[in-house]
> 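Quick one: the structure is below, questions incoming.
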Amino acid sequence: MIKKCLFPVAGYGTRFLPATKAQPKEMLPVLTKPLIQYGVQEAAEAGMMDIAMVTGRNKRAIEDHFDTTYELEDQIRGSSKEKRLERIRGLINKCRYSYTRQVEMRGLGDAILTGEVLIGNNPFGVILADDLCTGDEGIMSQMVKVYEKYQCCIVAVEEVPHDEVSKYGIISGDAIDKNHTRVETMVEKPAPEQAPSNLAIIGRYILTPDIFDILRETPPGANGELQVTDALQTQASAGKVIAYRFQGKRFDCGSIDGFVEATNYFYKLLK
Ligand code: G1P
């Protein structure tokens, strides 16, 4: 059983300035739910009830979101508005939340390494809340099944247009079947002519705890940052990374286009 899920949420969200000037990007709502809540819901659905967040300055709203808001709750007690808090209350009760801070923005690999204190010696999920995923079965639940079979690191992938590969970690390897590939090569944000394929990692990982020692030994990579993709290459060279083409949809809510698409998609579901 994988019980823990790590959420790196320290990033600035500069693409959404000025909206993210004084609030975390993970609190931007798609309809009425902030992005981070979709992510935590997905983790809980997958049985990961220990929610570990790597936060930074200006991220307090996230902690407050997963806590009781006495004044507000007192105000609306007994009214029809109370219903609107049902889902978040459910998540607050179901999960345990812990937080640690990333002091400097040194990349996703560094954020994950910062989370070691919360994760310990356990396999764990990683969700990047910017990538909003939805499917008949949650993407993380699907990945848990893949982990149970292969017992190694799992990354969720999807095909992206060739001219967009430089936004992602790109993988290639030996196809096991239509949806599973044993990864041999992983490159973080390659130029299109250097990309080994157009299969991009999206913000869902299951990692084994040996990744922490590997991260400690990994030099800075793309953008001068510590990249989890580079650490995973060490695992991939030993045949210990499976790329999984998930069933469902993913919206890049780190971009304005993706955010608007997600909003329209969930709005139509309501109608
Ligand atoms: C991160 C990872 C990248 C992955 C992407 C998915 O990049 O480093 O490998 O493809 O998330 O969203 P970022 O978007 O943080 O630049």
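Throughout, residue positions are numbered sequentially from 1 according to the sequence presented. As the structure lists them, so they are numbered: ligands from 1, and atoms in each ligand from 1.
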> Check this for me, if you would: do Arg245 and Glu158 make a salt bridge, where the nitrogen-to-carboxylate-oxygen distance has to be below 4.0 angstrom?
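Not counted as a salt bridge, because no side-chain N and carboxylate O are separated by less than 4.0 Å.
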
> Is a donor from one side chain sitting under 3.5 angstrom from an acceptor on the other, for Asp257 and Ser255?
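Per modelled atom types, Asp257 and Ser255 side chains form no pair under 3.5 Å.
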
> May I ask you to check whether Phe124 and Tyr205 place their ring centers less than 6.0 Å from one another?
no

> For the aromatic rings, using the six-membered ring if either is Trp, is the centroid distance between Phe259 and Phe251 under 6.0 Å?
no

> Measure from NZ or CZ of Lys25 to the centre of the six-membered ring of Tyr12, then state whether that distance is under 6.0 Å and the direction lies within 45° of the axis.
no

> Identify all N/O pairs between ligand 1 and the protein with a separation under 3.5 Å and present them as a table of atom names and distances.
{"unit_1": "ligand 1", "atom_1": "7 (O)", "unit_2": "Lys189", "atom_2": "NZ", "d": "3.2"}
{"unit_1": "ligand 1", "atom_1": "8 (O)", "unit_2": "Glu188", "atom_2": "OE1", "d": "3.4"}
{"unit_1": "ligand 1", "atom_1": "8 (O)", "unit_2": "Glu188", "atom_2": "OE2", "d": "2.7"}
{"unit_1": "ligand 1", "atom_1": "9 (O)", "unit_2": "Gly169", "atom_2": "N", "d": "3.0"}
{"unit_1": "ligand 1", "atom_1": "9 (O)", "unit_2": "Glu188", "atom_2": "OE1", "d": "2.7"}
{"unit_1": "ligand 1", "atom_1": "9 (O)", "unit_2": "Thr229", "atom_2": "OG1", "d": "3.3"}
{"unit_1": "ligand 1", "atom_1": "10 (O)", "unit_2": "Gly169", "atom_2": "N", "d": "2.9"}
{"unit_1": "ligand 1", "atom_1": "10 (O)", "unit_2": "Ile201", "atom_2": "O", "d": "2.6"}
{"unit_1": "ligand 1", "atom_1": "12 (O)", "unit_2": "Asp131", "atom_2": "OD2", "d": "2.7"}
{"unit_1": "ligand 1", "atom_1": "16 (O)", "unit_2": "Lys189", "atom_2": "NZ", "d": "2.7"}

> Identify the residue among Gln37, Glu26, Arg60 that makes a side chain to side chain donor-acceptor pair (under 3.5 Å) with His65.
Gln37

